[in-house]
Each structure stands twice: as structure tokens, then as C-alpha cells.
Amino acid sequence: MASGSAVTRPAIMDSRGAGIALLGAALLSMAWIEISLDVFGHPTPLWTSVLVPITGLAYAAAGAAAWWRRPSNRLGPIMVAGALVLLLGGLGDTDVPALSVVGVVLATAPLAVVVHLLHAFPSGRVRSMPSRYTVAAAYAVCLLLQIPLYLFAPSASPHGMLAAANRPTLAAAGSWLQIGAGAAVMVATALILAGRLRATPAPRRRVLAPLYGYGIVAVLLVPLVPDVLRPLAGLTPALSGAIQVVVLAVVPVAFVGAMLLGGFARTGEIQELSAWLGATAGRRPSLATALAAALGDDSVQLAFWVPRRDGYVDAEGHVLPLPTPDTGRAVVEVEMTGRRVGAIVYDATMIGDPGLVRAAGRVIAIALDQQRLAAELRASERKLRVSRARIVEASDRERRRIAQDLHDGVQAQLVLLAVEAQRLAAIPGTPGSASEAATRLRLRIDDAAAGLRELVYGVMPAPLIERGLGAAIEDLVDRMSLPAKLDLGPEEWLPGQVQATAYFLVAEAMSNTAKHAHATKIGVRLTHLERVLIVEVDDDGVGGADVGTGLGLPGLADRIDVLGGRLRVESPAGGGTHIVAELPCGS
Amino acid sequence: MRVLIGEDEALLREGLSLVLVHGGFDVVGTARSGAALVAASDELRPDLVITDIRMPPGRTDDGLRAALKIRATWPDLAIVVLSQHLQRRYARELLDAPTAGTGYLLKQRISDIDTFCADLRRVCAGETVLDPEVVALMLSQARSEHDALHRLTPRQHEVLTLMAEGRSNAFIAHALSVTEKAVVQHVSHIYSELDLPPSEDDHRRVLAVTRYLGR
């Protein structure tokens, strides 16, 4: 978040930090005790003594980081529990019998924790029933099926403390049962994760696939190292033990890596959202962006409730259908004082806890409601603009039709009538007075035709229909008594509405200048920029013109507004008139 | 005189045909679109083409474009363009390369049958006939461009206007009720004032004048 550095962390986070720090200190001292007991207990090399505790600390550090970043996500606590299990399991190597016994009982438990992590990533929850059974089975294999190994083999625990009898066959059978059940758990895990990968979008699959792969390999490799790899590769017991530990140590690193690569939330603080709401409007990113950052899901969408439509729209006012559950996306509705204001659409595979989204929804409810009104307004404003544009378009179409109809109809008729009158005048034998009357009639018809030409020109001038804006302005200037300077630029294609609007603006401005400005010259300039036409009309007259006063200019201001353009009239008293219009030309 | 008519309005087409037949012209064909006009002139090889500017299919300047195309193919063919609205721009395009007689008139001028037929005959004879309205447009525009025009007297202005319309000295003398000798004097003054190259026949004269005005 852009304003993140300026946000003071709230007190609640300090207390959580303190808790995690305390836990870390406890685990650290445990590791220290373990190292001391081990190192001073027997003459093994120093590195084997510190390897297990350091692995435990790696789990602890990764777990603490995840817990801190994302308090509602259980991955952190699971990893911290894993650290505890590892450190306790490591006690098996010490010379203190009471502690060593704990290590014997928990010897394979870290593997169950890794299975648990695999099923819980990235949401921190084991959601599906197959996953739940598999994780429970993993713990059972590591804790319950471990029992025959020390119950029937006195050599397994110090002084045979945990042994009930010396029955090597039972111990061996228990071992085989544990291996078989463990293999079944891993097959189930692989199947479940593969299914989950298939349903994951490609970018996340790139993060999840290596993680899942490594997790499964680690769980399979750790038990196989002493029994299969050691005889095959001729490893010393110390080295094979080290390989086991290192393979396990990489697990938390992999999970933290996946987390940082986008596997889950960067920050999960609802408080960050509150800070966003408090930030000044100009500096803050959009609500959807802030929410995406807070929830750690870039695909988060905001839907705004529009009661009138009985449906949701997006920020731009477009209709937004809510996703169905089979798309992997979930919806949390946001309410304010019992009234629906919107919804948050998120990725259910990324965020396992709808409670977190609901909490975020409560924080942003007011902002969402405000933006809802804006979205609703935007939708109706666009509708209004479209309808106004349709009206202008229809009026232009009507003007064109009237001009064309007059051209083909009455104007042609007047030519024929005048011809008819003139032929009457020329019929041999017509008395002089009748002939003169017929000629006078022809001249009056010609006058009527001239008046009609003026009218048609005002409705929709022929040059605009036949040759477009440049020719029409040129013709307009030709018919004006005032000297004019034209700068029309290269002739480019323009939408009909833009041409008509620009033309009527220039015509109106020139007519105003001719009538009121007492100007000696006038200038018209067209500038074609990318997707916008700039129309300028200047005169050196008395000024004092105003968009509000003239009858023509307000109507033109409306037309320009419909196109999404702007009209500016500068007309200081005695300083001439300068009219500038910007007309967007669409695509 | 074999005439081809380009006009899409049926009644006007008929009316114009009647006027022409009455005036002694031989109407050899009619066309209702720009393309049909071009095709008909290729086929019929008339002496004169009279066309409306606004014609199908575009209903913009299809008739004018057809006329210019015909001129490019048949340089000796006389052309008269009619319109309900005159533009300086169209006059300039028509007079850009006048290889034969050229006319540009308001449609309403048809009603003055005798003058109209006389104008057509002059165009057929290779002369240029411009509607007074378009000459007025040219003059008004030229006045703001050329200071020399301001040095002309009102009477010289009248003479210049009629020269641009394509009128002969005799016609001008009659129209202004002066002697032809007086007209010749006015013309020579206009020529020296506007610094135009001297030309003997009326056809070259109108071109020089319109070119000056359209510059």
C-alpha cells in the first residue's frame, strides 16, 4: 500500500508480536537446552547435535513470520507446532531418560506435520472431508502405529522404559503396518493435491506444484533414507540422519517461499483497510486494490448492489453477475445497518476463511455504500448521455432528410413551375399583357426559389452534405461580407455529428460577429488532434459576448456537451471574441 | 447539337428535355446516376453533357465527379453543371483544366429559357458561362485577398463581373447601356490594374479573370 509507511501499527498488533516473540524465546531456549544436553552428553560431532534444533528453529521462524503476517491463517500456528514436535522429537538423542522417551514417542510426528501443512496450504484450513481424513490418518500413523515399535522392542527406549514385552515379530509387524499405512496416506495426499492443482489457475499452479511435489518427496524420502538409501549408497548413520533432517528443514523454507511468491497473503491486516479509509482520497489506491492487498487475493472484485435493478453492478455501472460456486469463486455479501450494499467476490481456493472476508466487508461497508451510489449514478448518467446523443443525432438526421426532401421535391417543382410560366409567356399569339404577367410570375417563382435555397442552406447546407466540414466553412466565409482568415488544416474524416456541431458553432459565431461585434476581420481555425477536433473562431470586435445571452450559443453548448466536448467563450469588453470548442471524435 | 442529360428527378429530367428540344437541341440520352452518366457519354459521344451535381448513389457530389471524369476522357466535350447551391470550390474544380466549353449555373436559371439556351450554345462553342451568383462569391473572396480590386471604380467592377460570367464586350455594352468602345477602355484598364496578360478572345479572357479571382 502506498501509504503503508505512514501507518502506525495499531496496539493489537504489538501484543500479537509480543506473544509470538515470547513463544520464539521459549522455543529458542528449548533448542539451546537440547544442544547443551546433546553436546555435553556424548562425543558426537558438533554439527549433528545442532542440526535438529536448528531445523526446529527454522520451522519456528517460518511459522512466526506467517502468523505475524496473517493472524487468521492457521499455517503459522501449524508450523510453530511443527517446530515444537521437531524439538521434542530431537530429545530422543539426549542422555536424560525422561526426555529421551518423549523423543521416541514423537520420532515420526514431524512427517505428519508436513502432511498437515500440505493439505492446509494456502488457506491454513483443511477444508474437504478427504483431506481431513488423510491428515487424521497421517497423525494416527505417526503417533499410534509408532506404539508397537517401542512397546514390543525394549531396545527402542532407554532401559526399555516403554516396552511391555520383547516381541520382535510383533515390533516388525507393527513397523510394516506403519510403512504400509504411511504409503497409503501419501498416495491419498498425492491424489488430493493433484486434483486441487487441476482446479487451480495457471499462475498459482506454478507456485503450488513445486511446493506440493517437494512436500510429498520429503515425506517419502525421510523414512526411506535409513532403510533403503543408506545401504544402497553406503552412508554412515550420522550422514543419513543429517540428510533426513536437512530434507525436513527445507520444508518450512519452501512454504515461506511459496507464501512470498504469492501463494498467500502479503499482509492480511483488516487494520490496513481501516488505515486506507483514513488516508486522503488523492493518495489512496482504489477500494478494490486495497481490499485485494489486504486479503492477499488479486482477483478480488467489488459488486455494488442496485436495488432498482435488483442486481449488482461494478464500479463503472455495468451489470455484474455473481459467480456460481463451481467456478472456485465465492461471494460474501456486505451489509450496512441490515441493508445490503454490495458483495465481495473472491477466490475460494486462496482464502479459506469467509470470516476474514466478512470482517473486511464490515470495515469497508461505508466506503462501499458511498461508491455504490457513485456507481449507480454513473450508470444512469451514461444512460442519460446516450439518450441525449440519440436526440441530437435524430435531429441531424431530420435536418438532412428535410434538406434532401426539399431539394428533390419543392425545389424541383419550383424550377418546373417557372419553366411552365415562361413557356406560357412565349406561346405565339399570347397578348402582350398576358405574356408580361406570365414573365412576372416566373420571376416571382424564381424569387420564391431563392428564398427556399436560403432556408435549405440554414437547415443543412449543401456543402456540408456534399463535401464535409472544410467545404462548408469555406462556403460560409464566401457568403460573409467580413474578411476572413481560414486555417482548416488537412481534410480528415470526422463523424457526422462532430462535423455538424463544428459547422453550426462556426456559423453561429460568425453570424454573431457579423451582427453584433463591429469587427473588421474574423479567423476560423480547425486543429485535428488525435481523437479531438479543436474549433476556434476569433474576431477583433467589441467583445462582451456570453454563452448565456445569445440564443444560438447555449443550444450549441448543449450539443457540444452531448459529444463530451467543451466550449469556452472569451469575450472581454473591447477585446474581441475568442471561441474555442473541443470536440471528441470517438475512435 | 447532341445533348446528354444527367438528372435523377424524373419530372426535372422531363422538364429539362422539353426545354432543350424546344430550344433546338437533340437530347440523345438521359442518365440517373453518376456512373450511368459516364457510361452514357462513352457510348453516345454527345456534344454537350448537362448534369445535376447531387445524384445517386452517394447523393453528394456524384454528378460533378462524373463530369470531371468525362472531361478527363473526352477533353473536347462541353459540360454544363447545374445545382441548387453554388460553391466557389466547385467553380475552381470545373475551371481547373477547361479543355472545352464549361458552364456552372443555378438550376433555377433553366426557367429563363431563352437565356439558358443561349448560354448552352455558347458553352457548345467553347466558351465559359458562370452563374452571376458564383461570380459574386469569387469577387467577394478576391476582394479580401487582392488590394488591386479596391482600386477599380464601381463601373469597372460591373465590367469585371460580367467578364467573369463569360460575357462578350457587346453583351456588356448592352447590359450596362454604354458603347462597346467604352467597354474596351474599361477592360484594358482592368487588365493593366490587375496585371493580367492580354488576350483577344472571350474564352481566354474569362479564364484569366476567374483564375485571378480564384487565386
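Treat the numbers as computed from the prediction; the structure is a model and nothing was measured. Below, chain A is the first sequence line, B the second, and so on; all start at residue 1.
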Bottom line for A/Asp475: the part with an atom under 4.5 Å from chain B's heavy atoms is side chain
Is A/Arg453 close to chain B through its backbone or its side chain, or both, or neither, when contacts mean heavy atoms under 4.5 Å?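 A/Arg453 touches chain B through side-chain heavy atoms alone.
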Side chains of [X] and [Y]: closer than 4.5 Å at any heavy-atom pair?
{"X": "B/Leu18", "Y": "A/Arg423", "value": "yes"}
{"X": "B/Leu11", "Y": "A/Gln413", "value": "yes"}
{"X": "A/Asp478", "Y": "B/Met138", "value": "no"}
{"X": "B/Arg59", "Y": "A/His407", "value": "no"}
{"X": "A/Val419", "Y": "B/His22", "value": "no"}
{"X": "A/Pro461", "Y": "B/His85", "value": "no"}

Chain B: which of A/Ala450, A/Ala471, A/Ala449, A/Ala462 shares the most heavy-atom pairs with it under 4.5 Å?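 Most pairs with chain B among the choices: A/Ala471.
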Find the one option among A/Arg479, A/Gln422, A/Met480 whose heavy-atom pairs under 4.5 Å with chain B are most numerous.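 Ranked by contacts with chain B, first place is A/Arg479.
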Got a second to check how far [X]'s [atom1] is from [Y]'s [atom2], nearest 0.5 Å?
{"X": "A/Leu416", "Y": "B/Ser111", "atom1": "CG", "atom2": "OG", "answer": "10.5 Å"}
{"X": "B/Gln87", "Y": "A/Glu474", "atom1": "CD", "atom2": "CD", "answer": "8.0 Å"}
{"X": "A/Arg467", "Y": "B/Leu64", "atom1": "CZ", "atom2": "CG", "answer": "5.5 Å"}

Salt bridge (charged side-chain N to carboxylate O under 4.0 Å, His left out), that's the test. Do B/Arg89 and A/Glu466 meet it? Break it down for me. CA-CA 12 Å; B/Arg89 181 182 283 227; A/Glu466 295 171 6; over 6 Å; no
Contact origin within [X] toward chain A - heavy atom pairs under 4.5 Å:
{"X": "B/Tyr90", "value": "side chain"}
{"X": "B/Gln108", "value": "both"}
{"X": "B/Asp62", "value": "neither"}
{"X": "B/Glu7", "value": "neither"}

Heavy atoms only, distances under 4.5 angstrom: which of B/Lys107, B/Arg88, B/Gln141 has the most pairs with chain A? Name it, please.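 The option with the most such pairs is B/Arg88.
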Any side-chain donor-acceptor pair under 3.5 Å between A/Gln404 and B/Arg54?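 Checked: A/Gln404/B/Arg54 side chains pair up, N/O donor to acceptor below 3.5 Å.
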Is there a side-chain contact (heavy atoms from CB on, under 4.5 Å) between A/Val415 and B/Arg109? Walk through the geometry before answering. CA-CA 8 Å; A/Val415 173; B/Arg109 305 290 181 218; over 6 Å; no
B/Arg65, CZ atom: more than 12 neighbouring heavy atoms under 6.0 Å: yes
Would you say A/Arg444 has more than 12 foreign heavy atoms packed within less than 6.0 Å of its CZ? no
May I ask you to decide if A/Ile465's main-chain N or O and B/Thr60's side chain share a donor-acceptor pair within less than 3.5 Å? no
